[in-house]
2 protein chains.
Amino acid sequence: MSRLHPFDGVKDYEIRLASKLVKDAYPASAKCHFVRIDRMDPPKNDMIKYLAAEREGLPLPQIPRILHVYYWTNTLEFNKALVNVTAGHIITKQKQPQGVVGPMLPDDMIEWEEHCNNHPLVKAEIAKLKLPPGYSVRNDPWIYATDDPNEKRPLVQHFMYVLAGNGHSESNHYSLPLKFSPVFECFTRKFVRMDYLPGGFDETVTPTGPWQQVPCVEYHSDLHDEQKFPRDVKPLLVSQPDGPSFTVKGNKVEWQGWEFRVAPTAREGFAVYDVWFKGRQVFYRISLSEMTVPYGDPRAPYHRKQAFDLGDCGFGTCGNKLELGCDCLGVIKYLDGMGIHGNGEPFIIPNTVCMHEQDDGLLYKHVNYRTNNAVVARRRIFIVQCIATVANYEYVVNLKFVSDGSMDIEARATGILSTMPIDENVKVPWGTIVAPNCMAAYHQHILSFRIDPAIDGHNNTVVYDDTKKLPVSKLNPFGIGFVTDRKIVEKAGYIEQSPFTNRAYKIINENVINPVAKTPVGYKIELPARQMLLADDTSFNTKRAKYATQQMWVTKYRDDQLFAAGEFTNQSQKDTGIAVWANGVDDVRNEDIVVWATMGFTHIPRVEDFPVMPVEIHNIHIAPVNFFDKNPALDIPGANNNFNKSVLVPGEEEKPCCSTKI
Amino acid sequence: MSRLHPFDGVKDYEIRLASKLVKDAYPASAKCHFVRIDRMDPPKNDMIKYLAAEREGLPLPQIPRILHVYYWTNTLEFNKALVNVTAGHIITKQKQPQGVVGPMLPDDMIEWEEHCNNHPLVKAEIAKLKLPPGYSVRNDPWIYATDDPNEKRPLVQHFMYVLAGNGHSESNHYSLPLKFSPVFECFTRKFVRMDYLPGGFDETVTPTGPWQQVPCVEYHSDLHDEQKFPRDVKPLLVSQPDGPSFTVKGNKVEWQGWEFRVAPTAREGFAVYDVWFKGRQVFYRISLSEMTVPYGDPRAPYHRKQAFDLGDCGFGTCGNKLELGCDCLGVIKYLDGMGIHGNGEPFIIPNTVCMHEQDDGLLYKHVNYRTNNAVVARRRIFIVQCIATVANYEYVVNLKFVSDGSMDIEARATGILSTMPIDENVKVPWGTIVAPNCMAAYHQHILSFRIDPAIDGHNNTVVYDDTKKLPVSKLNPFGIGFVTDRKIVEKAGYIEQSPFTNRAYKIINENVINPVAKTPVGYKIELPARQMLLADDTSFNTKRAKYATQQMWVTKYRDDQLFAAGEFTNQSQKDTGIAVWANGVDDVRNEDIVVWATMGFTHIPRVEDFPVMPVEIHNIHIAPVNFFDKNPALDIPGANNNFNKSVLVPGEEEKPCCSTKI
C-alpha cells in the first residue's frame, strides 16, 4: 500500500490493528467493547516541518500514525488508549474516572432500543395503552445528559412513540409521542426508572391509560396523499462536459487557486487541513468542533434534554451515505468515512463526504455607463459537504471555497423535530403544537466551528474593529463622519458581540504588512449577532457548554485541544474545553492561536417544520481583508454564453451576448 | 393591442401620450425637459375588487392607467404632472417648490460630464496637471446632496480622475482620483465653484499642481496581466431539457404553487404584486423602496456624499441589459424596462429583469436510522433579478421564491468603490488605501424593502417575539427553561432591534387561527441585527433618511406611500417618507399595513474590493410561521438521480442511488 499522508483519514487496517492491540492487552473476560477508534491529529510542530518539506519537494519526515481508542471493559469501565499503529504498540491506556461516558455507538443504540421495547416493565406499560390493531410502539434512545453530580452510571432515556402506518417502517412515530419514558443503564441494561411525561401546562403527570387515537402526520410519500398530485417540477441538470475544474489526489484537493486536504473524521464529519489560496497559506485546520442542543421545556425529564451531537454521537459516525442526484448535483467526488462495530471491526461508511462545484450567481460586475461595456465574472464555489443523522435531526455542513479567496461555512438543519406529548386544548409557552397532541419544544442549536488560522504563517493575532460616529467637531462640522477603532486580543478569552458598532472579528498577521493598504494582512470572520445559550449561569446546561455563551473565542494553540466542550461530553458535569483553555492567562497576540466561532440559533418550531423540516440555513463568511494587493479574482475568465450556454425560455428571441471586449 | 393589466409596466405609447399631453399644455418656449415618466400604482381599493373579480373569472372593472411625469420647464422649474393615459388627459400638474430636485436623467449626466470637461475653468485646472502623453481626464457627475437649507439650485458635483490606458475607454479612472472638483448648476450649466480635495489626514487643501504619476489598477482584461494565464475553469452548464417549471403569461408568473405578477419600474427596478402560494394570498406588493449611501469622510466636500440611489437616480432607469450566460445561467425569461429621453420619447431597456430557476441544495431530508431509508427533497428557487449600475457601483437585487413557501430578498453589492485622492504615506481613520494615492472611504448602504403584506387578507398585524430565560422556580428548578414573549405593534412606528432576545418580527392575521398550532397565521421577516445609520441625529444625513435609523417600521397603508425617504430625495432637506408616516398615531393593529425592512451594512473597504469588488451579499428571509398546517413542500417529488442525472468525477465507480421507496 502507498504511504499515507499524516492528514489522511483512518484506514480499516489501522482500526483493526489498534483494536487487536487493545484486546490483547486484556484478558478475554474483560470483554472489550469499542465505541470509537479514529486517528489523532499529528503534533503541529512535526506537521509544520512535514508540510514545509512537502512544499519544497524535500524528503518527508516520518510521522507515526496514532489512533485514539475508546472502549468499555468489564461492562462498567470506560477506557481510552492511544495506539501507535505505525510502530504497532499501545502508547497509553487509561481507565477513565467513574462518570466519564464516551460517545454512543450506533450499533448499541439499536440494540438498546430493542431491549427497551422487550423489557417486561415497558411491555406492561405498553399494554395499558390498549393500542388499536395496526399500531405498535417504537422508541428513540436519548442521551441522558446531566442533572445530578452524583450520577455516575452511563444511562439512556427512551422516548416512546406510537408507530402507526400499519407497520410501515417509515411511519412518522415522532407525530405520536407517548407519556412514559423508561431509563436504563447502558451496558448492564438494568431498568432504572419509569419517567412519566406531563401532558398539561405544568409538571403534573398521570398514570398510563388507553391511548387516545389521533391522526399521524406522515412525511413519507407512501403514507400521505400530498404526492398523489405532485408539483410539475421539471428537471434542472448541472453538467460539466469538459469535466470538473478540480482535482483530488488522495485527500489533496486543488481548485481555482485553492489547495487543501480533506479528511473524514468520526467526530467532526470532516476536517480540512493546510489551506492555501494562490500560493499563500491561510488556515492550518478548519472543522465543526461541537454542537449542543439544549431544550427549553423546564419540566422533568425534559430539563435533561441537552445533546452534544459531536461529543455524544459524532457527525462522521452518524454520517449519511450521500447519493448522486439526491444530496449533491453535478459532477461529484466522494470520500468514504470509517465506522466501527463494538468488537473493534471497522466498516466503511461510503460517500460520507461529497465535493463538487456550483455556480453561485455573480461574483463581480461593472458596466461603464459611458460605453455600456461590462466586465462580469460568475461566483464559482467548491463545496465540501457532509450530512449527519442524529436520531430525529439531520445536519448538513457545507464548507464552501469561493473563487475570490473567501469561504463560507454553512450549516443547514433539517429532519424531524423532537416532540413531546401534549393534551388537547393545552398551550405551553415553551413549545409549538405541531400535530394533534404533539408539541415541539423551543430549543437551541449552538455550533462551534474551530478555525486554526495560518494567515501567512502561524503567528497570528485576533483583533476586532468597531465602527463609531465621529463627534461633531471642526473636522466633522456636519456630524456625518465615522471611523473604525481597533482592539487587540492579548489574552485567551472571548470577544463580546456588538452588532450596533458593526464589530468585525479579524485574524491578522502583524508581521506582514499589506503593501497597498499599509496595514497587517488578515482574514475576517463574519457572523450575524445572535442569542447565545439561554440557560441560567448556574445550570448544568451552561456549565457543560461554556463555549455556547459567547460567539467568538481565542485560545493559544495546543495539540489535542480540538473540541469546544471538551473530549467527553456525554453526561458531563462541566465544559472541559474552552471553559478551561480560554483562561485569560495565555498570550494570544502574535502567537499560534485558535479561533472558535459559535454559530447559534434559537429554534422556535413552526407547524411548517413538521413532519419534516425545511432547512434552516446559517452561515459564517470568512474573507480576506487587506490580505491580497487587489481583488484576487481578476484572473477569472469573463462570463459569456459561449462558455455558459444558457438559453431563453422556449419561444423567445435571442439577443446578442454582452461584449466584454471592445 | 391587448388590454393591459393594471400591474403591467408602463408602455412606450403611454409615455409618448403623456409627454405629448404635457408638452401641449405649455408654450414651446417652456422647453419641457422630462426626467421621469412611469405609471402610478392603481388605488388599492380598486385593485382589491379587480383582483377578486379576476380570481373568480368575473367581468373586470376598468381601472384607468395613470402616469406620473417629472419635468423641468423654463430651465429652472421642476414640475410633476399626473396624466390619465386611458382617458387621455392631464389630471394635475404642479410646479414644485424651489429646492425640490427630481431624479437625474442618465442622458443629462453624460451631457454634463462632457460640458464639465470642456469648461474653460476646468480645462485650465487640467492644464496645471501637465499630464504625460496617453493620459487624459474623465469625470463622474455626482449627486450634490445637502449641507445648506438655503441652497435651492439643482447642482452637480464632478469628481475628476485621470484616465490612463492610452485612451482605452475601459481604463479604470477610479484608481486615479484628482484633487479638484468643480460644481455646476444642472440645467443652466453655470459654473458654481471649484472645490479642492484634501490629500492629507485633515481638511487642508492645496492648489492644483503637476500630477504625480502612479500606476493605475485596472479591472478590464485588456488592461491587466491577470488573465494572461487564466484559471482553468471548466464549464458548468445548467440545462432544463424538458423546459422550465415556470410559466409567464404577460407579467403573470406561475411556479411551484407560487403566483404573482412582476412589473419593471423606473425607480425600484421591479415590483412584484399579488403574491399567492398554494391558493392563499401572502403579499400585495414587494419591492426595494430606497437605498441611501452615506460616506464617513467628514471633510468637505465629502460630507455631502449621501446618495439616494433610487430616489436620485432609479434602479430601473439605471438597470442593466441582462445577458444570457453572464448575469443568469439556465433557462431564462426576460422582461424589458422602459427609459425616456429628455424630450419625452421612450426607449426600451431590454432584458432589465431576468427570471429563472435554480437548484439551491437540500430543502429537507430525513433518514430513518433503523432502515436507512431516506426522504430527500431539493430546494428549488425561482429568482427575479435586476442589476443597476449607479455610476461606480453595481447592485444586484434578487427576489427568490422558494418551493417551501418562503422567500429570500438578496442584495449583492459589486462594482467599483468611490475613491478619493490621498497623499503618499498618509493614513486616515475613515478610509482604506486601495491603490497608490487612492483611498476608499468607509460608507454605508442602507436599503429599505417595502413589504405590503396580505397574509390571508389585508388586515394584518405586526408582532415581535422575544425569547427569554425562565427564572429558576419550582417549575424550572434546573434553570434551563425559556419561553417567548409577544409584543403587538399597535401604532405606526418602529421596532428596536434585539438580537440577544432572539427578537423575531412577524406579520400575522389575528382573524385566522392555525388549526394545528392554535395561534394566528403569519409570516416572519428575518434580518440579522445590524448597525443602522451612523450619522449624528442632527445631521442632514439623518434628517434625510430617518428610515435608515431603524431596522423595522410599520405604517398604515395609504396609496402612493411607496418610497421610504419620500418622493423627492435629490438635495432633499428631510425624509418625507417614513419620518412622516410612522407617526405614532395611526392604528396598525388588524389594519391594512405596510412593513419596511431596513437592510443596512457598513462597508469598510478592503484592498480586495478594488479595482472591482467581489459581491457583498445580504439577505432577508421571509417564511411562513404557523401559516400552513404542516410543511407545505411534502408534495415535491423526492430527489433521485433518474431525474437529476448527476455523475461521478471521471474514473470513479457509481453506487446505486438512495431508495426513497421501500
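Letters go in sequence order (proteins before strands), and every chain restarts at 1.
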K.L.:
With a 4.5 angstrom heavy-atom cut-off, could you sort out which part of B/A633 is near chain A: side chain, backbone, both or neither?
P.N.:
both

K.L.:
For the backbone of B/K518 and the side chain of A/K427, can you confirm whether one donor and one acceptor N or O come within less than 3.5 Å of each other?
P.N.:
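At least one qualifying donor-acceptor pair exists.
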
K.L.:
Heavy-atom distance under 4.5 Å to chain A: side chain of B/V396, backbone, both or neither?
P.N.:
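It is the side chain, since no backbone atom gets that close.
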
K.L.:
Let me know if A/Y295 has heavy atoms under 4.5 Å from chain B in its side chain, its backbone, both or neither.
P.N.:
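For A/Y295, backbone heavy atoms alone lie under 4.5 Å from chain B.
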
K.L.:
Report which part of B/R304 has an atom under 4.5 Å of a heavy atom belonging to chain A: side chain, backbone, both, or neither.
P.N.:
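B/R304 has no heavy atom closer than 4.5 Å to chain A.
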
K.L.:
Select one option (side chain, backbone, both, neither) describing which atoms of B/I110 are under 4.5 Å from chain A's heavy atoms.
P.N.:
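For B/I110, the contact with chain A is made by the side chain alone.
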
K.L.:
So what's closer than 4.5 Å to chain A heavy atoms on B/E394: side chain, backbone, both or neither?
P.N.:
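Contact with chain A is through the side chain of B/E394 alone.
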
K.L.:
So which part of B/R380 gets closer than 4.5 Å to some heavy atom of chain A, the side chain, the backbone, both or neither?
P.N.:
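For B/R380, the side chain is the part near chain A, not the backbone.
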
K.L.:
Identify which part of A/L470 has an atom lying under 4.5 Å from any heavy atom of chain B, answering side chain, backbone, both or neither.
P.N.:
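Just its side chain gets close to chain B.
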
K.L.:
Measure distances from B/P637 to the heavy atoms of chain A and classify the residue's part below 4.5 Å as side chain, backbone, both or neither.
P.N.:
both

K.L.:
Heavy-atom cut-off 4.5 Å, strictly under: side chain, backbone, both or neither for B/D232 against chain A?
P.N.:
backbone

K.L.:
Backbone N or O of B/D327 within a donor-acceptor pair of the A/R378 side chain at under 3.5 Å?
P.N.:
yes

K.L.:
Report the option among B/N502, B/N514, B/N541, B/D536 that has the most heavy-atom pairs separated by less than 4.5 Å from atoms of chain A.
P.N.:
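Sorted descending by pairs with chain A, the first entry is B/N502.
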
K.L.:
Side chain from CB out, backbone as N, CA, C, O: work out which of these in A/A435 comes under 4.5 Å of a heavy atom of chain B, or both, or neither.
P.N.:
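Backbone of A/A435 only, per the 4.5 Å heavy-atom cut-off to chain B.
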
K.L.:
Taking ring-ring contact (aromatic ring centres under 6.0 Å, His included) as the definition, give me every residue that meets it alongside B/F610, ordered by chain and number, with sequence neighbours left out.
P.N.:
none

K.L.:
Among B/T432, B/D202, B/V248, B/D359, which residue has the highest count of heavy-atom pairs closer than 4.5 Å to chain A?
P.N.:
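Heavy-atom pairs under 4.5 Å are most numerous for B/D359.
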
K.L.:
So, does B/R231 use its side chain to make a donor-acceptor pair with the main chain of A/S403 at under 3.5 Å?
P.N.:
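Confirmed, B/R231 side chain pairs with A/S403 backbone.
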
K.L.:
Between B/P624, B/P650, B/A535, who has the most heavy-atom pairs with chain A when the cutoff is under 4.5 Å?
P.N.:
B/P624

K.L.:
Examine whether an atom of B/V238 lies under 4.5 Å from a heavy atom of chain A, and if so say whether it belongs to the side chain, the backbone or both; otherwise answer neither.
P.N.:
both

K.L.:
Between A/N368 and B/E170, is there a donor-acceptor pair closer than 3.5 Å when you use the side chain of the first and the backbone of the second?
P.N.:
no

K.L.:
I need the B/S646 OG to A/E323 CD distance, nearest 0.5 Å.
P.N.:
11.5 Å

K.L.:
Going by side-chain hydrogen bond (donor to acceptor under 3.5 Å, both in side chains), name the residues that satisfy it together with A/D629, two or more places apart in sequence or in a different chain.
P.N.:
none

K.L.:
Measuring from A/N373:CG to B/D222:CG, what's the distance to the nearest 0.5 Å?
P.N.:
9.0 Å

K.L.:
Which atom pair, heavy atoms only, marks the closest approach of A/I416 to B/H366?
P.N.:
CD1-CD2, 3.5 Å

K.L.:
Just by distance, do the side chain of A/R299 and the backbone of B/N476 share a donor-acceptor pair under 3.5 Å?
P.N.:
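No, A/R299 side chain to B/N476 backbone: no donor-acceptor pair under 3.5 Å.
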
K.L.:
So which of B/V615, B/N631, B/N644 has the biggest tally of heavy-atom pairs under 4.5 Å with chain A?
P.N.:
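Top count of heavy-atom pairs under 4.5 Å with chain A: B/N631.
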
K.L.:
State plainly whether the residues A/E357 and B/K234 are in salt-bridge range, i.e. N to O under 4.0 Å.
P.N.:
no

K.L.:
Could you check whether any side-chain N or O of A/Q531 sits under 3.5 Å from a backbone N or O of B/F500, counting only pairs where one atom can act as donor and the other as acceptor?
P.N.:
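Yes; at least one donor-acceptor contact below 3.5 Å.
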
K.L.:
Classify the ring geometry of B/H303 against A/F478: parallel below 30°, tilted from 30° to 60°, perpendicular beyond 60°.
P.N.:
parallel

